[in-house]
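Heads up, the thing below is written out as structure tokens.
Computation of the quantities below employed the complete heavy-atom set of this structure, encompassing side-chain atoms and omitting hydrogens, waters and symmetry-equivalent molecules. Numbers for residues simply follow the sequence, beginning at 1. In each ligand, atom 1 is the first atom listed, and ligand 1 is the first ligand listed.
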Amino acid sequence: MDKILIHGGHPLSGSIKVSGSKNSSLPILAATLLTREPCIVHRVPDLSDTHYMLQILIHLGAQVERASGTVTVAAENVQSVAPYDVVRKMRASVCVLGPLLGRCKEATVSMPGGCVIGDRPIDLHLKGFEALGAAVRVEGGNIKVFAPKLTGAVINLRGKFGPTVLGTDNVMMAAVLAEGTTVIEGAAQEPEVVDLANFLTKMGAKIEGAGTRRMIIEGVRQLHGVEHDIIPDRIEAGTFLVAGAIAGKEVTIKRVNPEHVRAITDALARCGLPIDVKDDAISILPNGDASALELTTEPYPGFPTDMQAQMCALLSTTDGISVITENIFPQRYMHVAELKRMGAHVDLEGATAVIQGVDHLFGAPVMASDLRASAALVLAGLKADGITEVSRVYHIDRGYERLDEKLGELGAQIERVKEA
Ligand code: EPU
């Protein structure tokens with residue numbers, strides 16, 4: 001196992017290019033199962049999560065080639081069973097259910113387990129499949145869905161924590177090959193959902209309203225192969241903007257869609273950090289005067305839950321009292337105990353974190369617990385006095401392409417070493 005060592009206090013400057021989006025790549029790779037023809041997907045980030053997804057596609061019968069960022073998937077013949085061994089490493093494996101149901105009219109996929117960011121049910125995905133006419137059974141740890149035929153329906157996918165991203169993806173991928181019209185009410189509006197809808201539309205699907213709360217899908221008989229570029233990863237972009245805010249002189253993030261990160265740049269601007277946007281590049285120019293903030297995570301276009309931990313790290317060193325409320329995954333605070341080991345003052349009250357900014361964080365051995373929590377610890381380490389040792393960095397490798405190398409290119413003193 002690797003760990004990352006960060007020698008804090010070295011200012012960052014320069015620019016990095018953002019990679020393709022992890023959370024677009026995973027459902028889009030799953031969507032290649034919807035056609036017998038080859039699909040070519042560019043800018044797939046080199047991450048363990050995209051690797052796991054390709055392993056699942058291979059298990060299901062697809063031919064897969066990967067050359068740098070380009071992945072070709074040819075799913076001429078597929079089978080519809082993905083057992084525990086194949087899917088257990090990644091919760092997003094569940095997004096092969098929709099395309100398998102659409103194409104094979106049946107699928108058996110092992111049920112995803114819980115995860116450290118909280119309970120992650122898939123009841124809304126299953127409700128959507130049932131509305132399309134599928135029978136759903138959960139037995140022996142597997143989800144079985146089958147339908148002699150799928151028929152369009154009106155489906156409300158809004159749950160008690162708001163819309164579901166992968167649930168919208170899953171139902172959309174089944175509905176594109178259903179007979180008739182499906183209306184998804186309470187659809188997720190995230191840019192990754194829009195990227196998937198664009199991919200499916202290029203394949204021949206008929207989808208309206210992607211990016212709004214109401215999507216209308218007219219089923220078609222079959223889909224064809226396509227070539228597609230994955231959108232930039234808005235959470236990677238946001239993470240580097242926060243790195244710039246914490247430890248930068250001037251940091252520029254290139255190949256980003258400014259609209260996709262607006263909630264993040266707005267939050268940083270509200271902290272008093274100057275932000276400059278030019279086409280697909282965003283620069284952050286910290287001036288030493290960042291101030292406290294009140295922040296609530298929301299579905300897109302609100303502030304993303306996937307940036308909450310990183311903001312916690314920033315606000316830990318920002319003057320004044322900040323308050324963060326986590327509305328999507330109320331228990332997503334595994335980073336707090338570790339940030340406290342570095343000298344942060346954070347009190348948790350249910351889903352709310354009250355953060356009293358401190359002048360100094362101190363380097364310490366800390367443990368990564370999930371992807372974004374780990375990123376937050378690395379960011380805190382950039383500012384901390386002394387050396388921060390982040391262990392279990394496989395969490396980071398699931399979702400950030402070369403995070404340590406990119407930070408090194410910006411001037412961070414950061415190294416990856418084998419854990420003894
Ligand atoms: N929910 C339900 N029932 C469901 C599905 C979700 O109650 O059937 C609840 C969840 O428990 C949560 C809320 O609805 O409270 C939103 O969950 P959502 O389904 O949108 O999450 P997801 O689709 O499983 C994706 C991202 C996550 C990101 C969330 C929220 C991927 C692969 N994952 O998960 O990304 O946090 O949307 O934006 O796209 C990450 O990248 O670190 C990550 C965790």
Quiz item: Is there any N or O on Lys22 that sits under 3.5 Å from an N or O of ligand 1?
Solution: yes
Quiz item: With distance as the sole criterion, is a donor-acceptor pair present between the side chains of Glu190 and His260 under 3.5 Å?
Solution: no
Self-check item: For atom 41 (O) of ligand 1, the option (of Glu192, Arg372, Gln331) bearing the nearest heavy atom
Solution: Arg372
Self-check item: Enumerated ligand 1 atoms positioned under 4.0 Å from heavy atoms of Ile122
Solution: 4 (C), 8 (O)
Quiz item: Below 4.0 Å from any atom of ligand 1, is there a heavy atom belonging to Gly167?
Solution: no
Quiz prompt | Atoms in ligand 1 with a heavy atom of Ala92 nearer than 4.0 Å | solution = 32 (C)
Quiz item: Measuring from Glu37:CD to Met203:CE, what's the distance to the nearest 0.5 Å?
Solution: 8.5 Å
Quiz item: Are Arg416 and Asp397 ion-paired here, with the side-chain N under 4.0 Å from a carboxylate O?
Solution: yes
Practice problem: Quick one: look up the protein heavy atom nearest atom 22 (P) of ligand 1 and list residue, atom name and how far away it is. | Solution: Arg120 NH2, 3.7 Å
Quiz item: Just checking, Arg372 and Tyr400: is the charged tip under 6.0 Å from the six-membered ring centre and within 45° of the axis?
Solution: yes
Quiz item: How close does the nearest protein non-hydrogen atom get to atom 3 (N) of ligand 1, and which residue and atom is it?
Solution: Asp123 OD1, 2.7 Å
Quiz item: Where the closest heavy atom to atom 27 (C) of ligand 1 is concerned, which of Asp306, Leu124, Leu371 has it?
Solution: Asp306
Exercise. Supply the atom-to-atom distance Leu33 CG to Arg103 CZ, rounded to the nearest 0.5 angstrom.
Key: 7.0 Å
Quiz prompt | Exercise: identify the closest heavy-atom pair between Ser110 and Val87 | solution = CB-CG2, 3.5 Å
Self-check item: Numbered atoms of ligand 1 (with element) below 4.0 Å of Phe161, judged on heavy atoms
Solution: 13 (C), 15 (O)
Quiz item: Nearest non-hydrogen atom to atom 26 (C) of ligand 1 belongs to which of Asn23, Ile328, Asn170?
Solution: Asn23
Quiz item: How many angstroms lie between atom CD1 of Ile184 and atom CZ of Arg213, to the nearest 0.5 angstrom?
Solution: 12.5 Å
Quiz prompt | His125 heavy atom under 4.0 Å from ligand 1 | solution = yes
Exercise. Could you say whether the N/O atoms of Phe329 and ligand 1 ever approach to under 3.5 Å?
Key: no
Quiz item: Is there a heavy atom in Arg398 that sits closer than 4.0 Å to ligand 1?
Solution: no
Quiz prompt | OG-OH distance between Ser374 and Tyr394, expressed to the nearest 0.5 angstrom | solution = 9.0 Å
Quiz item: Nearest protein heavy-atom contact for atom 44 (C) of ligand 1: which residue, which atom, what distance?
Solution: Arg332 NH2, 3.4 Å
Exercise. Would you check whether Leu166 has a nitrogen or oxygen atom less than 3.5 angstrom from a nitrogen or oxygen atom of ligand 1?
Key: yes
Quiz item: To the nearest 0.5 Å, how far apart are CG in Asp2 and OG in Ser391?
Solution: 11.0 Å
Self-check item: Within reach of ligand 1, part of Lys127 (heavy-atom separation under 4.0 Å)
Solution: neither
Quiz item: Has Pro163 got any heavy atom lying under 4.0 angstrom from an atom of ligand 1?
Solution: yes
Exercise. First locate atom CZ of Arg402, then atom CG of Leu407, and finally report the distance between them rounded to the nearest 0.5 Å.
Key: 10.5 Å
Quiz prompt | Contact with ligand 1 for Arg91, non-hydrogen, under 4.0 angstrom | solution = yes
Quiz item: Should Met367 and Val390 count as side-chain neighbours, where that means a heavy-atom distance under 4.5 Å?
Solution: no
Self-check item: Side-chain touch Arg234/Pro304, heavy atoms, less than 4.5 angstrom
Solution: yes
Self-check item: Heavy-atom nearest neighbour in the protein, as seen from atom 6 (C) of ligand 1, with distance rounded to 0.1 Å
Solution: Pro121 O, 3.8 Å
Practice problem: Could you tell me the residue and atom name of the protein heavy atom closest to atom 20 (O) of ligand 1, and the distance to it rounded to 0.1 Å? | Solution: Val165 N, 2.8 Å
Quiz item: With a 4.5 Å heavy-atom cut-off, do Ser19 and Arg43 have their side chains touching?
Solution: no
Practice problem: Check each atom of ligand 1 against the heavy atoms of Thr305 and keep those under 4.0 Å away; list them by number with element. | Solution: 30 (C), 36 (O), 38 (O)
